[in-house]
Amino acid sequence: MDTSSRGSPLSPILDDTDLACLVALQAEPRASWRELGAATGVPERTVARRIRRLVDAGALRVVAEPDPLITGRGVVVHAWVRCRAGRADDVAQRLAQLDHCQLVVTLAGSADLMAELTLADAARMPAVITRELPSIDGVERVEARLVLRPFRRAGQWRIQPVEAPATLPEQGSDTPRPAGLNEAEQRMVAHLMVDGRAGLAELAERTGVSEPTAQRLLHGLTERRALSFRVEVEPALVGYPVEAVISVSVRPQAVDAMAAHLASDPHTRCLFGTSGGAQLFWHVLCRDSLHLWNVTTRRLGEAEGVLSSDVCVVMRAHKRCGILRAEAAEAEPPHAYNGRDPTCWSAMLRVENVHKAFATAQGHLPVLRGIDLTLTAGESLALMGESGSGKSTLLHVIAGLERADEGRILIDEQPLEGRREADLARWRREGIGLIFQQYNLLGSLTVGANLTFQARLAGRHDPAWADHVAQRLGLGELLARYPEQLSGGQQQRVAIGRALAARPPLVLADEPTGSLDEASSDVVLDLLLALVADSHSSLLMVTHSARLAARLSRRLVLQRGHVLPDPA
């Protein structure tokens, strides 16, 4: 039985939907449920339920991490502890009880324990290292290493659905000068360290400022890199049960190159420059022991300048991210994401006698009344109708975001009804490209990372195809930009590219040009139709524009929940 950081069993084990939610949450820790749902193709209520379940079980926590090097408030120290025979667990429990201790792990290697301490006052370091830690009963020797520079933080590590290069947030080579926090910022940081997803209203109340001021404070803290957000999840739950901390000694002139080399590895959880005999502290997560061997020997062997390395395998975590781990029960090997090959879906779509109604304050409201339609491979179909006719609802039913009350949706003659929620989420990731009127891009990811997000999530990332999509959409020069730096038309191009990066057999587009002017709409539709043809996908597009609809293979009109013949 796998256990959480609180020692409570995690049941049921993680499935593909949980993993999709976690991947999206890591990309945007403060995203709304709606934004996370749009990024994963999972209904927002399901995203909220899955994430809350993991939080309640103690397996997941979203927190803010203030950087003491930037805020000028204290220091971070790594303590490597050797214990007397049989006393390592006792010492670990004592260390874990210290308020200023963020991480405690038991090791197999040259040290028995490693602890990370954050000291608000640097003047406390001599007393902690020379008196407090050595005085713990069972401690034989303590070696302290001061963290001098972060090359990669734990919050930058990403779950990898497939073996693919990690997308790392940009980080300048120079650390900003320390800048103190005012009282309001200190109160905000203290609350976010407990709950990194606290809303603006809650932050404003805790900080004693207005919501606009709270938003400005938060933006300022993150802009100057004084504060970052971290999604802390048990590595074994997402397929990384083997972890190690490695001390790497490098020739001084090779340190920066080696740090950049190791920071780029997707298995690197965090990497710091430290004082002491080894300049680099390297924490890695791996799928098994052989994987650990391959990662460490390959990475260290690829670069010049390594003098020595000391690999200590983590045997047990007593405290992570400041949270105590309860004594774990004897456990079965944890469930790991196995990276299954994606199912190949056909684009043959049949909708048979589909009915859908919603309960309202005024009573039962029928929206779809016996809808029938077909879409063959490679065909494009425009779905027209006035507002409230049921167009978007029909797309949601086909995508599995809503369930039909009656009727059937068949994909390659396989019905969607009766499928588990996890299967429907997988269908959306691997079988459908969803394009919305609102672009729903992830603001913390670059254009390049947004383009490949869904393909990586589905395990279908093809670098050559991704490059073709980017060039076809005219985004080649914009890949390093962020969504907020783009025009509306450019953002919609990114959304189209994201939907088609995995070459889905079926593309569902809900008013993809609804927010654009006529000229931009024509350009976007040209690009959409061209990419749909390149990927041999089928397209079902909702639109109000008869002019745009006329450019697709067929047209249907929805009126009061019924399908009318092609108006042509």
Side-chain angles (χ1 to χ4, degrees), residues 1-23 25-26 50 53-55 57-61 88-89 92 96 102-109 111-116 152 154-164 166 230-246 262 265-271 281-299 310-321 323-340 459:
M1 179 189 299
D2 204 7
T3 58
S4 72
S5 59
R6 296 174 188 169
S8 54
L10 282 177
S11 179
I13 57 179
L14 300 191
D15 58 21
D16 288 352
T17 300
D18 291 314
L19 289 164
C21 294
L22 287 174
V23 168
L25 185 66
Q26 281 190 322
R50 295 300 184 97
R53 178 181 70 96
L54 292 172
V55 170
L60 174 68
R61 192 175 181 223
D89 275 354
Q102 299 298 308
L103 171 73
V104 183
V105 290
T106 298
L107 305 173
D112 296 311
L113 301 170
M114 181 265 168
E116 181 178 279
R152 181 172 175 181
Q156 293 172 263
W157 177 75
R158 297 291 181 262
I159 300 165
Q160 296 295 311
V162 292
E163 294 298 325
R230 171 175 171 181
V231 177
E232 179 64 30
V233 61
E234 294 292 327
L237 283 180
V238 291
Y240 297 90
V242 175
E243 55 184 307
V245 290
I246 305 159
L262 297 180
D265 192 291
H267 307 98
T268 297
R269 181 176 175 88
C270 58
L271 179 70
F281 169 87
W282 185 28
H283 187 175
V284 298
L285 301 177
C286 298
R287 299 192 183 280
D288 53 43
S289 298
L290 179 60
H291 190 203
L292 172 62
W293 169 264
N294 291 337
V295 168
T296 54
T297 56
R298 172 176 52 80
R299 274 304 187 187
D310 182 15
V311 180
C312 294
V313 177
V314 174
M315 305 300 291
R316 179 185 168 198
H318 301 264
K319 192 176 189 180
R320 286 192 196 274
C321 202
I323 298 296
L324 281 168
R325 287 173 55 93
E327 197 72 40
E330 289 297 320
E332 301 172 357
H335 169 74
Y337 177 55
N338 59 18
R340 292 190 301 272

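Computed over heavy atoms, backbone and side chain alike; hydrogens, waters and symmetry mates excluded.
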Who passes side-chain contact (heavy atoms from CB on, under 4.5 Å) against Asn294, sequence neighbours left out?
Leu290

Can you find a heavy atom in the side chain of Val295 that is under 4.5 Å from one in the side chain of Arg298?
yes

Under a 3.5 Å distance rule, please check whether Arg316 uses its side chain to pair with a backbone N or O of Asp89 as donor and acceptor.
no

Residues that Gln102 engages under side-chain contact (heavy atoms from CB on, under 4.5 Å), provided they are two or more places apart:
Glu116, Thr118

Steps toward side-chain contact (heavy atoms from CB on, under 4.5 Å) verdict (Val314, Leu107):
CA-CA 5 Å; Val314 174; Leu107 305 173; 3.9 Å; yes

Could you report the tightest heavy-atom contact between Cys21 and Arg50, atom names first, then the distance?
SG-CB, 4.4 Å

Cys270 versus Phe281: any side-chain heavy-atom pair under 4.5 Å?
yes

Where Ala111 and Cys312 come nearest, the two heavy atoms and their spacing:
N-SG, 4.3 Å

So CG of Leu103 and NE2 of His283: to nearest 0.5 Å the spacing works out to 7.0 Å

side-chain hydrogen bond (donor to acceptor under 3.5 Å, both in side chains) partners of Arg269, counting only residues at least two apart:
Glu232

Let's go through Leu60 and Leu25 carefully: what are the C-alpha distance in whole Å and the side-chain angles of both, what is the deciding distance for side-chain contact (heavy atoms from CB on, under 4.5 Å) to 0.1 Å, and is it a yes or a no?
CA-CA 11 Å; Leu60 174 68; Leu25 185 66; 4.0 Å; yes

Using side-chain contact (heavy atoms from CB on, under 4.5 Å) as the criterion, list what pairs up with Val311, not counting sequence neighbours.
Ala244, Ile246

Distance from Met315 atom CE to Asp112 atom CG, nearest 0.5 Å?
11.5 Å

Under the side-chain hydrogen bond (donor to acceptor under 3.5 Å, both in side chains) rule, collect the residues that match up with Thr106, sequence neighbours excluded.
His318

Test item: Arg158 side-chain N/O and Gln26 main-chain N/O as donor-acceptor pair under 3.5 Å
yes

Are Leu22 and Leu54 packed together at the side-chain level, in the sense that at least one heavy-atom pair is separated by less than 4.5 angstrom?
yes

Minimum heavy-atom separation for Thr268 to Trp282, with atom names?
OG1-NE1, 2.8 Å

Would you say that Arg61 contacts Arg320 through its side chain, given a criterion of any heavy-atom pair below 4.5 Å between the two side chains?
no

Exactly one of Arg230, His267, Arg152 clears side-chain contact (heavy atoms from CB on, under 4.5 Å) with Trp157, and that residue is Arg152

